[in-house]
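Have a look at the structure below before the remarks.
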There are 2 protein chains.
Amino acid sequence: MTTEADMRGNRVLAAVPRPELDRLAEHLEPVTLKVGDMLYEIGGSVPHVYFPLTAVLSLITDVGNGHGHFVEVATVGDEGLAGLPVFLGAGPPSERATVQIAGSALRIGAEQFRHDVVVLDGGLQTAIQRYVQAMFTMMARNAACNRAHNIRQRCARWLLMTADRVHSDSFSLTQEFLAQMLGVRRASVSEVATALAADGCIRYSRGTIDVTDHERLQEHACSCYAVIRDAFAVAYEGLG
Amino acid sequence: MTTEADMRGNRVLAAVPRPELDRLAEHLEPVTLKVGDMLYEIGGSVPHVYFPLTAVLSLITDVGNGHGHFVEVATVGDEGLAGLPVFLGAGPPSERATVQIAGSALRIGAEQFRHDVVVLDGGLQTAIQRYVQAMFTMMARNAACNRAHNIRQRCARWLLMTADRVHSDSFSLTQEFLAQMLGVRRASVSEVATALAADGCIRYSRGTIDVTDHERLQEHACSCYAVIRDAFAVAYEGLG
DNA sequence: CCGCCTTTGTACGGTGGCGTACTCTAAAGT
DNA sequence: ACTTTAGAGTACGCCACCGTACAAAGGCGG
């Protein structure tokens, strides 16, 4: 059981109208997520659907080939949910879902979720479909970004997106972790981070990052940041 | 108006049960698509939803920044449809849809499509949702592939996927075009193509490619080929 | 048959990011 | 207080791929 205030902290749930939301509330369970927790695995089952409140999740795919074993393909914050395969119904996930930034989330059992979405067939279904479209934009952009933009640009974008999701200019993050998310060497992150800090965009020390100048940081980032942010804005336009 | 045989040539439509399909038939219009035709533009309206039969489409996104202006983020063949924004309902597309390999397709007006999907709420909705999940896998993999695999691997994968979609070992394709799809120099494609031909995987001459040895070509490709192919197989499992 | 255009082969120097490895320092444990 | 460890800075050689350029060759119209 969960309060309405909690639920409105997730933008997908916030877009669900009252009576439907009340029924969902009974099945939504608040949980605290720690960095590195795995919510579901590639090819495995998806026991719960997660609606992040303050946590940030990461969808990661395995590229068998080579040494840099995995690559982040999308992130999920309070603007979305993890567990779309339950909604879409075409077999197990092709990504791993892990916790990128610790925090809180609401979760619901996969069976219950399926039941609620199908039976109610109202606001939740619509909200998720709109979210799916924004996810498409994010992933498309991600693919293009990986092809076209350099490390500094991608790194700056990642920091901006994460700051947006945690609603704070400060969050826990080691360069090692960031390097894995970006699919690059830690050494490269170190160089870029030093440059960004020298330019006054960020400060950091032993696992804590502070974004000190969003605008200037955005100048270092590629246009993908704005494109993705806007895609989510459009998806939730007039929905709550 | 369209015959059932035509409709069964597209795997999404093939998954729709009889009575529902009959009603769709009235509104599906057969069209012939030429290379380079643009079906819809980034941020523009989506007048029709397309179900390819023999044509292959390409979803392309603009990366403003730099010279290699655009990057392919997904392809659509007879296993899918183009125009998902109409289905998902969260604003205009963030990709351009163009024709990659000429051929036939069925199309339906966006308004009519929305009407049919919502009112009927049956097999088509389910089939599309499953397709959406497979598309997720493709795009996720694309993003990872762009980060992790070299030109030879990506080129080989692209050729294999295209051969699958056109159901033929031979199709029209210039190196210039392929280079744009992969987001690399034409010169790089030329080098890779020469190597693949020397290895007996492909033959080609002035705009026509022949895949002469799928298995050997697959050895040059990355695992992304099999992963994506299998994702679509799972999506359509037991659906028709 | 000739000239033109498209498609392809090939070469050159430049560079962004890689793999690796070593150092330094702040924090955490005992 | 002393050790250990995690986080971060830096350097070196290397290579895949880039931008660019030019030449060869197949196809097409005149």
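Values below: all heavy atoms of this structure, side chains included; hydrogens, waters and symmetry mates excluded. Residue numbers begin at 1 in each chain, while the letters A, B, ... track the order of the sequences.
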Requested in this report: Identify which nucleotide among C:dA21, C:dC18, C:dT10 has an atom closest to any side-chain atom of A:Arg186, counting heavy atoms from C-beta outward.
Outcome: C:dA21
Report task. Would you indicate whether B:Arg8, at its atom CZ, is surrounded by more than 12 heavy atoms from other residues, nucleotides or ligands within a distance under 6.0 Å? Result -> yes
Query raised in the report: Is the NZ or CZ atom of A:Arg11 both under 6.0 Å from the centre of the six-membered ring of A:Phe232 and within 45° of that ring's axis?
Result: no
Requested in this report: Would you classify B:Ser190 as touching base, sugar-phosphate or nothing, given that sugar-phosphate means primed atoms plus P, OP1 and OP2, and contacts are heavy atoms under 4.0 Å?
Outcome: base
Query raised in the report: Any idea which of D:dC17, C:dT10, C:dG17 is nearest the B:Thr194 side chain?
Result: C:dT10
Query raised in the report: Base, sugar-phosphate alone, or nothing: which one does A:Val189 contact when heavy atoms must sit under 4.0 Å apart?
Result: nothing
Query raised in the report: Quick one: does A:Arg206 reach the base of C:dA26 with a side-chain donor-acceptor pair under 3.5 Å?
Result: yes
Report task. Take atom CD of B:Gln175 and atom P of D:dA25, then tell me their distance rounded to the nearest Å. Result -> 16 Å
Query - N/O donor-acceptor pair, side chain A:Arg185 with base C:dG16, under 3.5 angstrom - result: no
**Report entry** Which residue lies more 5' along DNA chain C, comparing A:Arg154 with A:Ala187 via nearest heavy atoms
**Finding:** A:Arg154
Query raised in the report: Whole Å only: how far is the CZ atom of B:Arg152 from the P atom of D:dC15?
Result: 16 Å
Query raised in the report: Who passes side chain to side chain donor-acceptor pair (under 3.5 Å) against B:Thr32, sequence neighbours left out?
Result: none
Report task. May I have the distance from A:Leu178 (atom CG) to D:dA6 (atom P), rounded to whole angstrom? Result -> 19 Å
Query raised in the report: Should the ring pair B:Tyr236 and B:Tyr131 be called parallel, tilted or perpendicular, given that the plane angle runs from 0 to 90° and is split at 30 and 60?
Result: parallel
**Report entry** Candidate nucleotides C:dG9, D:dG7, D:dC17, ranked by approach to the side chain of B:Asn150 - the nearest
**Finding:** D:dC17
